[in-house]
> 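Just dropping this structure here.
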Amino acid sequence: LGGSISYDVDMSTVTCGCIAAIYLVGAPAINSSGQVWNTDGFWYCDGMQVGGAWCQEFDIMEANQYAFHSTVHTCDNPNSLGYISKCDTSGRCTEQAYDHPGNYGPGSSNVINSLKPYNVEIFFHPVAGS
């Protein structure tokens, strides 16, 4: 908390049907028996239960030339074994570039011209009292 992540991206070749993504997950997931979930050798989990296990997920960026999306997938509190039984698959605090026409997309008429490299910076502000 109190820090940030900054990175440069070039979406000029990421067209429709493709997504470039950066996300954080609360891995490894724990199964209902309290064991670490490992079905693919990578202990993968996310807020959509891809791979069969739930865990908290923060999608920093899911983007291509035409869309930029960021969201948080919150989950139910884990039980006493650490198992999470359900997450919010649609996400909360979602921000989508297409909700703001003219801000993002291919061409110089957009505030962010996705045909040119640009910088993304995410700030992790501490919550009062934490």
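If you're wondering where the values come from, they're calculated on a predicted model, not measured in any experiment.
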> So, Cys75 with Cys55, SGs under 2.5 angstrom?
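Cystine link not detected, SG atoms outside the 2.5 Å cut.
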> For the hydrophobic clusters of this structure (ILVMFWY residues joined by side-chain heavy atoms under 4.5 Å, transitively), does one cluster hold both Tyr23 and Val120?
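No, Tyr23 does not connect to Val120 through the hydrophobic network.
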> Can you tell me if Ser70 uses its side chain to pair, donor with acceptor, with the backbone of Asp59 under 3.5 Å?
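Here the side-chain-to-backbone pair exists.
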> Rounded to the nearest 0.5 Å, what's the gap from NE2 on His69 to CG on Asp99? Could you check?
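Between His69 NE2 and Asp99 CG, I get 9.5 Å after rounding to 0.5 Å.
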> What is the minimum heavy-atom distance between Phe124 and Ser4, and which atoms define it?
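Nearest pair, atom of Phe124 first, then Ser4: CD1-CA, 4.1 Å.
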> Are Phe68 and Ile112 grouped together when hydrophobic residues (ILVMFWY) are joined by side-chain heavy atoms under 4.5 angstrom apart?
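Hydrophobic grouping puts Phe68 with Ile112.
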> Hydrophobic clustering (ILVMFWY, side-chain heavy atoms < 4.5 Å, transitive) - are Tyr7 and Leu24 grouped together?
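Result: yes, single cluster for both.
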> Tell me, do Ser32 and Leu81 make a side-chain contact under 4.5 Å, heavy atoms counted?
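A side-chain contact is absent here, since even the closest heavy-atom pair is not under 4.5 Å.
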> To the nearest 0.5 Å, how far apart are CE in Met61 and CD1 in Ile19?
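Reported to 0.5 Å precision, the distance equals 10.0 Å.
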> Tell me whether Asn113 contacts the main-chain N or O of Gly107 through its side chain, where contact means a donor paired with an acceptor under 3.5 Å.
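Side chain of Asn113 to backbone of Gly107, a donor-acceptor pair under 3.5 Å: yes, one is there.
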> What is the minimum heavy-atom distance between His73 and Gly47, and which atoms define it?
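Nearest pair, atom of His73 first, then Gly47: CB-CA, 3.9 Å.
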> To the closest 0.5 Å, what do you measure between CD (Glu57) and OG1 (Thr89)?
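The distance works out to 10.5 Å.
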> Taking the side chain as every heavy atom from C-beta outward, state whether Tyr118 and Asp8 have any atom pair closer than 4.5 Å.
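Contact flag for Tyr118/Asp8 side chains = no.
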> Could you go through Tyr66 and Ser114, starting from their C-alpha distance and side-chain angles, then the distance that decides it, and tell me whether this counts as side-chain contact (heavy atoms from CB on, under 4.5 Å)?
CA-CA 8 Å; Tyr66 303 96; Ser114 61; over 6 Å; no
> Can you tell me how far the CD atom of Gln65 sits from the CG atom of Leu115, to the nearest 0.5 Å?
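The CG atom of Leu115 is 5.0 Å from CD of Gln65, to the nearest 0.5 Å.
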> So, for Met11 and Tyr104, which heavy atoms are closest and what is the spacing to 0.1 Å?
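So the two residues come closest at CG-OH, 3.7 Å.
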> Please answer: with hydrophobic residues joined when any side-chain heavy atoms are less than 4.5 Å apart, are Met48 and Ile60 in the same cluster?
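Not linked; separate clusters.
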> Donor-acceptor pair, Asp46 side chain versus Gln49 backbone, under 3.5 Å?
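Indeed, once roles are kept as given, a pair shorter than 3.5 Å links the two residues.
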> Minimum heavy-atom separation for Asn31 and Tyr83, please, with both atom names.
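Distance-wise, the nearest heavy atoms are C-CD1, 3.3 Å.
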> Of the non-hydrogen atoms in Thr71 and Gly91, which two are nearest, and what is the gap between them?
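What the structure gives for the nearest pair is OG1-CA, 3.3 Å.
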> Can you tell me if Asp88 and Ser90 form a side-chain donor-acceptor pair at under 3.5 Å?
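Note: Asp88 and Ser90 side chains meet the donor-acceptor criterion.
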> Could you tell me whether a side-chain N or O of Asp10 sits under 3.5 Å from a main-chain N or O of Ser12, the two making a donor and an acceptor?
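Flag set: sc Asp10 to bb Ser12 pair under 3.5 Å.
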> Using the rule that Ile, Leu, Val, Met, Phe, Trp and Tyr join whenever any side-chain heavy atoms are under 4.5 Å apart, tell me whether Ile84 and Val72 fall into a single cluster.
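Hydrophobic grouping puts Ile84 apart from Val72.
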> Regarding Ser85 and Asn79, do their side chains bring together a donor and an acceptor under 3.5 Å, going by distance alone?
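Ser85 vs Asn79: no donor-acceptor pair found between side chains.
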> Using only atom types and a distance under 3.5 Å, with no angle test, would you say the side chain of Asn64 pairs donor to acceptor with the backbone of Cys18?
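Answer holds: yes.
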> How far apart are the closest heavy atoms of Cys45 and Val25, and which atoms are they?
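Scanning both residues, the minimum pair turns out to be O-CG1, 3.4 Å.
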> Taking the side chain as everything from C-beta on, heavy atoms only, tell me whether Val36 gets closer than 4.5 Å to Ile30.
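In contact.
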